[in-house]
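Throughout, residue positions are numbered sequentially from 1 according to the sequence presented.
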Amino acid sequence: MTTDKRYVLALDLGTTGNRAILFDRDGEVVGQSYKELKQYYPEPGWLEHDAVEIWQDTLGCAEDVLDEADVSAKEVAAIGLTVQRETCLLWDKNTGRPLHKAIVWQDRRTAPLCNSLRRQGRAEFIQERTGLVLDSYFSATKLVWLLDWVRERRPQIDFENVIAGTIDSWVLWNLTNRQVHATDSSNASRTMLMNLEQGNWDEELLNLFGISPHMMPTIKPSLGEFGTTNLFGDEIPILAIFGDQQAALFAHGCDRPGFLKCTYGTGCFLIAQAGNQVARSQNQLLSTVAWSREDSTNYALEGAMFTAGACIQWLRDGLQLIASAAETENLAQQAQTNNGVYFVPALSGLGAPHWDMNARGSFQGITGGVRGEHMVRAVLEAIAYQVKEVVDAMNRDCENPVSRLKVDGGASQNDFLMQFQADLLGIPVERPKILDATAQGAAFGAGLVSGFYDSYNRLIERRQIDRVFEPSENAPQVQDQYQTWLKAVERAKHWMEDV
Ligand SMILES: Nc1ncnc2c1ncn2[C@@H]1O[C@H](COP(=O)(O)OP(=O)(O)O)[C@@H](O)[C@H]1O
Ligand SMILES: O=P(O)(O)OC[C@H](O)CO
């Protein structure tokens with residue numbers, strides 16, 4: 001490693017927005033750039049992203065952060081890429097153009113296809129092969145929908161030129177001047193097409209979904225070589241790719257069984273490290289890849305909750321009840337109680353532990369005295385209640401009960417939410433200074449592969465805690481409310497009929 005290398009660049013492409021962050025040798029942030037991403041809702045329950053916008057914003061954020069920090073590509077040791085998972089697209093490798101907008105992980109349009117596969121008795125086979133619950137959350141049925149759409153609307157297309165991928169593959173392909181069509185095993189494990197035990201595309205699953213193997217990216221180790229980019233003035237190697245939730249697990253130092261974290265971003269994702277053996281849940285949690293190296297794979301158990309920060313975004317953009325996400329904290333404090341209002345955050349159905357694609361969001365318990373701030377508070381409380389459900393499921397699956405919750409992500413900056421979470425769980429909630437653990441994990445990974453960082457343990461030891469929220473005297477009352485919320489959840493389930 002030459003000494004002119006002073007930084008690692010993390011590209012963190014989330015659901016709500018894309019960011020680029022520069023980290024120095026101490027693992028500290030020296031600059032960042034962020035751009036919110038447009039969300040397209042063409043029909044109820046559908047959500048799309050413009051993959052060209054994702055790529056342009058990725059490039060723009062990376063250029064901005066380098067410019068603003070006055071850093072040249074020569075000084076960047078490596079790039080680490082981390083992305084929203086499952087969201088996928090098809091593109092034409094000759095023109096470089098997507099054939100349709102990307103279908104986002106929250107999109108429910110393929111629920112009927114999943115239900116039909118379930119009726120055909122395929123759910124257990126799929127879960128056994130992939131570790132995943134059969135659900136429209138994952139990429140496989142989204143790719144089926146996209147392929148059908150292309151066959152119908154673009155019959156002239158030559159399918160030999162059509163390739164598929166999750167957001168990491170799309171951005172990597174563009175970063176490398178269309179040279180590298182690859183993904184890493186943490187992202188691949190979320191497609192519902194990867195054999196979890198073997199770490200390769202499963203032929204039977206590709207057949208089942210009618211996906212031709214030539215379309216699929218090569219699966220590589222998360223920590224390893226993904227090619228280089230010369231788009232910033234000099235060659236920079238891309239040395240790590242992770243799904244964003246797995247990147248956060250890496251950043252929190254959760255590299256041994258018994259360690260877990262919860263990221264409060266667009267959705268909320270509780271992930272427990274399982275070590276080098278696939279862990280199977282008895283309680284509707286997912287088995288997934290945490291990350292892989294050339295010679296080893298780490299696995300994890302995951303509770304995926306689809307709507308967390310997304311319902312705050314909805315209060316802002318949909319209901320226009322608030323002007324900024326940050327306002328929710330004061331409003332919830334001012335409200336003092338939820339005034340009997342409970343919110344079920346099933347805006348995209350329910351993930352763990354219910355896996356109900358047909359559930360929809362609801363406010364319940366509304367009476368004449370309810371004001372906006374009670375509804376805001378109910379929304380924040382709901383984020384915490386669903387985490388409690390998943391922690392309980394994790395406790396049933398694992399030997400040692402969760403005794404401390406390490407958190408990160410945009411919504412974890414909300415003090416009301418974090419205190420409410422500590423009260424509800426009755427355990428401390430630990431919030432680090434750097435909330436962008438997803439980006440931090442990608443930077444740590446790429447920096448370690450390049451030799452820019454020499455010790456994972458030292459990086460983890462250096463991370464600083466911002467605040468620990470201890471359960472307060474309100475805990476018993478908050479825990480009582482949880483039972484009422486569970487009642488509200490039961491009423492929101494199975495709302496939609498299959499078409
Ligand atoms: N103070 C806050 N309180 C609650 N939610 C917040 C706050 N600030 C940001 N958020 C939510 O955090 C989410 C963005 O977090 P981030 O970790 O960047 O998500 P992603 O990686 O999914 O794009 C948004 O959905 C936003 O509504
Ligand atoms: O955009 P985030 O950070 O909420 O993460 C999305 C997840 O990766 C979806 O599985």
Side-chain angles (χ1 to χ4, degrees), residues 85-86 105 114 117-118 120-141 184-206 208-209 219 221-222 242-243 245-246 248-250 252 254-263 267-293 296-306 349-357 386-403 405:
R85 307 163 304 167
E86 300 97 12
W105 55 278
C114 292
L117 285 164
R118 188 176 302 283
Q120 292 163 36
R122 309 316 297 257
E124 277 172 18
F125 163 72
I126 290 173
Q127 187 157 20
E128 198 264 317
R129 286 288 164 94
T130 64
L132 306 174
V133 173
L134 174 56
D135 192 276
S136 56
Y137 174 31
F138 305 104
S139 320
T141 57
D184 89 295
S185 50
S186 70
N187 279 295
S189 71
R190 315 296 297 191
T191 57
M192 223 162 71
L193 295 167
M194 193 189 92
N195 185 308
L196 187 62
E197 307 267 354
Q198 294 170 7
N200 51 19
W201 299 125
D202 188 291
E203 261 179 54
E204 278 183 75
L205 287 172
L206 289 175
L208 176 66
F209 290 104
I219 304 177
S222 321
F242 295 90
Q245 302 309 319
Q246 288 93 330
L249 191 72
F250 193 72
H252 276 286
C254 299
D255 62 341
R256 281 148 290 164
F259 285 71
L260 84 173
K261 66 87 207 184
C262 189
T263 301
C268 207
F269 302 88
L270 184 87
I271 307 198
Q273 172 66 240
N276 298 121
Q277 301 289 326
V278 172
R280 302 270 177 184
S281 170
Q282 304 301 315
N283 295 286
Q284 301 287 17
L285 302 176
L286 307 171
S287 304
T288 198
V289 170
W291 53 76
S292 57
R293 295 185 163 85
S296 66
T297 301
N298 279 64
Y299 298 92
L301 271 188
E302 171 173 328
M305 296 152 266
F306 298 152
L350 287 170
H354 302 283
W355 298 107
D356 183 348
M357 294 176 282
Q386 61 178 356
V387 170
K388 157 100 176 129
E389 265 198 310
V390 169
V391 167
D392 286 353
M394 199 64 91
N395 281 341
R396 288 194 296 275
D397 265 333
C398 299
E399 249 170 56
N400 299 314
V402 179
S403 58
L405 194 65

Around Q120, counting heavy atoms of other residues, nucleotides and ligands shown, do more than 12 lie under 6.0 Å from its CD? yes
Examine distances only and state if a side-chain atom of [X] and a backbone atom of [Y] form a donor-acceptor pair shorter than 3.5 Å.
{"X": "Q246", "Y": "V289", "result": "yes"}
{"X": "Q273", "Y": "F259", "result": "no"}
{"X": "S139", "Y": "E86", "result": "yes"}
{"X": "W201", "Y": "L193", "result": "no"}

Have N283 and R396 got a donor and an acceptor in their side chains that come within less than 3.5 Å? yes
Do we see a donor-acceptor contact under 3.5 Å between the side chains of H354 and E389? yes
Check K388 with D392, please: is the shortest side-chain N to carboxylate O separation under 4.0 Å? yes
Short N-O contact, R190 and E302, less than 4.0 angstrom: yes
Return the set of residues passing side-chain contact (heavy atoms from CB on, under 4.5 Å) with [X] (not counting sequence neighbours), or none when no residue passes.
{"X": "E399", "value": "none"}
{"X": "Q277", "value": "none"}
{"X": "D255", "value": "W291, Y456"}
{"X": "E128", "value": "none"}

[X] [atom1] to [Y] [atom2] distance, which is reported to the nearest 0.5 Å:
{"X": "I219", "Y": "N200", "atom1": "CD1", "atom2": "CG", "answer": "6.5 Å"}
{"X": "S185", "Y": "Y299", "atom1": "OG", "atom2": "OH", "answer": "8.0 Å"}
{"X": "L301", "Y": "L270", "atom1": "CG", "atom2": "CG", "answer": "9.5 Å"}
{"X": "L132", "Y": "L285", "atom1": "CG", "atom2": "CG", "answer": "12.0 Å"}
{"X": "N195", "Y": "E203", "atom1": "CG", "atom2": "CD", "answer": "11.0 Å"}

[X]: partners by side chain to side chain donor-acceptor pair (under 3.5 Å), with sequence neighbours left out:
{"X": "N400", "answer": "none"}
{"X": "R122", "answer": "none"}
{"X": "S186", "answer": "D184"}
{"X": "Q127", "answer": "none"}

Take K261 and F250 through the test side-chain contact (heavy atoms from CB on, under 4.5 Å) and record every step on the way to the result. CA-CA 10 Å; K261 66 87 207 184; F250 193 72; over 6 Å; no
Salt bridge (Lys or Arg N to Asp or Glu O under 4.0 Å) involving [X] - partner list, sequence neighbours excluded:
{"X": "D397", "value": "none"}
{"X": "E197", "value": "R280"}
{"X": "D356", "value": "none"}

Determine the minimum heavy-atom distance between [X] and [Y], stating which atoms define it.
{"X": "G349", "Y": "F306", "result": "O-CD1, 3.9 Å"}
{"X": "A279", "Y": "A274", "result": "CB-CB, 3.6 Å"}
{"X": "G243", "Y": "N187", "result": "N-ND2, 3.3 Å"}
{"X": "A304", "Y": "W355", "result": "CB-CH2, 4.5 Å"}
{"X": "A352", "Y": "M305", "result": "O-CG, 4.2 Å"}

Test item: [X] and [Y] side chains (from C-beta on) under 4.5 Å apart, heavy atoms:
{"X": "L286", "Y": "F138", "value": "yes"}
{"X": "D202", "Y": "L196", "value": "no"}
{"X": "C268", "Y": "T263", "value": "no"}
{"X": "F125", "Y": "L205", "value": "yes"}

Does W105 have its ring centroid less than 6.0 Å away from the ring centroid of F269? yes
Could you go through the side-chain contact (heavy atoms from CB on, under 4.5 Å) check for M357 and D135 one step at a time? CA-CA 7 Å; M357 294 176 282; D135 192 276; 3.2 Å; yes
Evaluate T141 against F209 for side-chain contact (heavy atoms from CB on, under 4.5 Å), listing each step before the verdict. CA-CA 7 Å; T141 57; F209 290 104; 3.8 Å; yes
For the side-chain hydrogen bond (donor to acceptor under 3.5 Å, both in side chains) test, which of T297, T288, T130 pairs with S189? T288
Pair M192-L134, side-chain contact (heavy atoms from CB on, under 4.5 Å): steps then yes or no: CA-CA 8 Å; M192 223 162 71; L134 174 56; 3.6 Å; yes
